[in-house]
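Fair warning: this is a prediction, and the values are worked out from it, not measured in the lab.
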Amino acid sequence: MSNRIIISSIYFQKKDIYKQTWISPDVAIKNQIDHVMTDNKHRSWFSNVKSHREADANTDHYLVVATLIEKLSIFWKENKSRKSTNMLNVDRLRNPLEIAQYRKRITEELYTTKEKKEHIILHHENKWTNIKNVITSAAKNLKENPNHNKKKHWFNNECMETKALEELEGERNNSRNFFKHCKRLKQGFKSETLFLKKNQNDLISEPREIVQHFRKHFDALLNASQTNNSNKTKYKEYKEPDLREIDYIINNLKNNKAPGEGDINSELLKTSGKDLIIELQSLIREIWHKEQIPTDWRTGIICPIFKNFDTGIVSNYHEISLLDTAYKILSMALLRRLVIYAEDILTDYQTDFRRGKSTTYHIFTIRQVMEKFY
């Protein structure tokens, strides 16, 4: 069959009475029309497939039973253990002693890095690499490996519900964790997308092929062809962000957000201290004048989020891009300068994505007009 799908029920030599799965109403014809299909790579899992005539379910089909044993390779287990990454413990960053130690480690790392490369003119790529390594090294003690407790045979659904309610009761004073637990209890288990439709007849089951299929879809969706505009509007050149503006932008970054490729949370930048902010401002100043950004800032982790309808169609997913936290600082600095001109260009009818305005104003206006007319 196509896409490496095989019929495992025909690979076992058995008598006809154990192959037959359907019987005609006049009991004259018996045939094998019900099968068990699987991926070719899972072919060795099946040890037996046969039909059982003794199962009476008031139907003209026999019960087909497959016996299989799951086999996991050592290579798969090693790869699975590598996927677990350390996560930032935000609660530790609320401790003044932990913040003081974190800032001290950053100052020491920056001093050591400057001593090693004192007489070397650094490119913006090297500058960003040094800053990222300093933050990563200083934040090692603040990151922890999430605990994945092994499932116990006696820990049934009733125990899980009791434990979930206890955790919910203990988070009453923390509104964020409280609503997070409520959402998890309400949604329940969400199955992973294991199959995608390549076209009307073909299915994709290989994880690498699924990733490539998503990549092609989002690449065509996000990386649209740019048209060169000959009519360029000339505006005055703005000065690069100063230290005060960079500090303001960092303090206004949102907390509890997933980091991008650099694995640097916004909380780490907020509590890093003045020494690191000076280095970031120096890097952004160089980027501002050279008009080149580091390669890491151009990389985003795209997370497909299912919307509705069929889970096998990629167009039914919308994307969330996880960008580098340091890149957001530069983006906010550019946005603060573009908003001035955007307010002059946009008309009063544009209310979406504008500060202090909302589409509810238009809805309210339409309702008022309809009520007065009718």
Open item on the list: For a 4.5 angstrom cut-off between non-hydrogen side-chain atoms, does I29 reach W22?
Closed with: yes
Task: Heavy-atom donor-acceptor pair, E98 side chain to L142 backbone, under 3.5 Å - done: no
TODO: Consider only side-chain N and O atoms of S205 and D39, and report whether a donor and an acceptor are under 3.5 Å apart.
DONE: yes
Open item on the list: Before you tell me yes or no, could you show the steps for R208 and Q212 under side-chain hydrogen bond (donor to acceptor under 3.5 Å, both in side chains), namely the whole-Å CA-CA distance, both residues' side-chain angles and the distance that decides it to 0.1 Å?
Closed with: CA-CA 6 Å; R208 291 184 180 180; Q212 289 295 333; over 6 Å; no
Open item on the list: Do W288 and L330 have side chains that approach each other closer than 4.5 Å (heavy atoms only, starting at C-beta)?
Closed with: yes
- [ ] Starting from the C-alpha separation in whole Å, work towards a yes-or-no answer on side-chain contact (heavy atoms from CB on, under 4.5 Å) for N130 and E279.
- [x] CA-CA 10 Å; N130 292 339; E279 294 295 324; over 6 Å; no
- [ ] Answer yes or no: does atom OH of Y111 have more than 12 heavy-atom neighbours from other residues, nucleotides or ligands under 6.0 Å?
- [x] no
Task: From CA spacing to verdict: side-chain hydrogen bond (donor to acceptor under 3.5 Å, both in side chains), E261, T299 - done: CA-CA 7 Å; E261 185 71 17; T299 306; over 6 Å; no
- [ ] Work out which heavy atom in I23 is nearest to a heavy atom in K30; give both atom names and the distance.
- [x] CD1-CE, 3.7 Å
TODO: State the NZ-OG distance between K197 and S315, to the nearest 0.5 angstrom.
DONE: 10.5 Å
Task: Pair E245 + K239, salt bridge at N-O below 4.0 Å - done: no
TODO: Might you point out which heavy atoms bring K357 and Q350 nearest each other, and give the distance in Å?
DONE: CD-O, 4.2 Å
Task: Over 12 non-hydrogen atoms of neighbours within 6.0 angstrom of OH in Y327 - done: no
Task: Residue pair K290 / H123, side-chain heavy-atom distance below 4.5 Å - done: yes
Open item on the list: Main chain of Y62, side chain of T21: is a donor-acceptor contact present, judged purely on distance under 3.5 Å?
Closed with: no
TODO: State whether the number of non-hydrogen atoms from other residues, nucleotides or ligands found under 6.0 Å of K104 atom NZ is greater than 12.
DONE: no
- [ ] Kindly give the heavy-atom pair with the smallest separation between E267 and N256, and that separation in Å.
- [x] OE2-N, 2.7 Å
Open item on the list: Checking the side chain of S51 only, and the main-chain atoms of Y18 only, is there a donor and an acceptor separated by less than 3.5 Å?
Closed with: yes
TODO: Could you tell me whether D219 and K216 make a salt bridge, using a distance below 4.0 angstrom between a side-chain N and a carboxylate O?
DONE: no
Open item on the list: Are R336 and Y248 packed together at the side-chain level, in the sense that at least one heavy-atom pair is separated by less than 4.5 angstrom?
Closed with: yes
Open item on the list: I'd like to know if the side chain of Y317 and the backbone of T311 have a donor-acceptor N/O pair within less than 3.5 Å.
Closed with: yes
Open item on the list: Please find the pair of heavy atoms, one from I250 and one from K270, that lie closest to each other, and give the distance.
Closed with: O-CE, 3.2 Å
Open item on the list: If we ignore hydrogens and angles and just use 3.5 Å, is the side chain of D275 paired with the main-chain N or O of T107 as donor and acceptor?
Closed with: no
Open item on the list: As an exercise, state the distance from OG1 of T360 to CZ of R367, rounded to the nearest 0.5 Å.
Closed with: 10.0 Å
Task: Backbone of L97 reached by a side-chain donor or acceptor of N95 within 3.5 Å - done: yes
TODO: For salt bridge (Lys or Arg N to Asp or Glu O under 4.0 Å), just list the numbers for R244 and D247, CA-CA rounded to whole Å, side-chain angles, deciding distance to a tenth of an Å, and then say yes or no.
DONE: CA-CA 5 Å; R244 185 177 178 182; D247 188 28; over 6 Å; no
- [ ] Please confirm whether the backbone N or O of L269 pairs with a side-chain atom of S272, one donor and one acceptor, at under 3.5 Å?
- [x] yes
- [ ] Check whether Y102 and I278 end up in the same hydrophobic cluster, where Ile, Leu, Val, Met, Phe, Trp and Tyr are linked by side-chain heavy atoms less than 4.5 Å apart.
- [x] yes
TODO: Starting at CD1 of I135, measure out to OG1 of T325 and round the result to the nearest 0.5 Å.
DONE: 9.0 Å
Open item on the list: Is it the case that the side chain of Q281 and the backbone of P241 share a donor-acceptor pair, with hydrogens and angles ignored and the cut-off at 3.5 Å?
Closed with: yes
TODO: Can you measure from CD1 (I366) to NE2 (H362) and round to the nearest 0.5 angstrom?
DONE: 8.0 Å
Open item on the list: Looking at N133, is its backbone amide N or carbonyl O close enough to the side chain of S137 to form a donor-acceptor pair, meaning the two atoms are under 3.5 Å apart?
Closed with: no
- [ ] Determine whether T38 and L68 make a side-chain contact, defined as any pair of heavy atoms from C-beta on separated by less than 4.5 Å.
- [x] no
Open item on the list: Rounded at 0.5 Å granularity, tell me how far NE2 in H124 sits from CD1 in I284.
Closed with: 13.0 Å
Task: Non-hydrogen side-chain atoms of I33 and H61 separated by less than 4.5 Å - done: yes
Task: Short side-chain to backbone donor-acceptor contact, S47 and T67, under 3.5 Å - done: yes
Task: Within-4.5 Å side-chain heavy-atom neighbours: N255 and S266 - done: yes
Task: OH on Y238 to CZ on R337, rounded to 0.5 Å - done: 8.0 Å
TODO: Using the side chain to side chain donor-acceptor pair (under 3.5 Å) rule, pick out the option among N265, D263, T136 that qualifies with K143.
DONE: D263
Task: Hphob cluster co-occupancy, L253 + W128, side-chain heavy atoms under 4.5 angstrom - done: yes
Task: Nearest atoms (heavy-atom pairs only) where E125 meets I293 - done: OE2-O, 4.1 Å
Task: Transitive ILVMFWY side-chain link I99 to I106, under 4.5 Å - done: no
Open item on the list: Applying the side chain to side chain contact (heavy atoms under 4.5 Å, CB included) criterion to I329, which one of I277, I246, L283 satisfies it?
Closed with: I246
TODO: Verify the cluster assignment for L346 and L334: are they in a single hydrophobic cluster under the rule of side-chain heavy atoms below 4.5 Å apart?
DONE: no
Open item on the list: According to a hydrophobic-cluster definition based on side-chain heavy atoms being under 4.5 Å apart (Ile, Leu, Val, Met, Phe, Trp, Tyr only), do L280 and L335 belong together?
Closed with: yes
Open item on the list: Counting only heavy atoms not in K307 (residues, nucleotides, ligands), do more than 12 fall under 6.0 Å from its NZ?
Closed with: yes
Open item on the list: Is the shortest side-chain heavy-atom distance between L268 and L93 below 4.5 Å?
Closed with: yes
TODO: For residues Q32 and H35, report the shortest heavy-atom separation together with the two atoms involved.
DONE: O-NE2, 3.6 Å
- [ ] Take atom CG of N173 as the centre, draw a 6.0 Å sphere, and report whether it contains more than 12 heavy atoms from other residues, nucleotides or ligands.
- [x] no
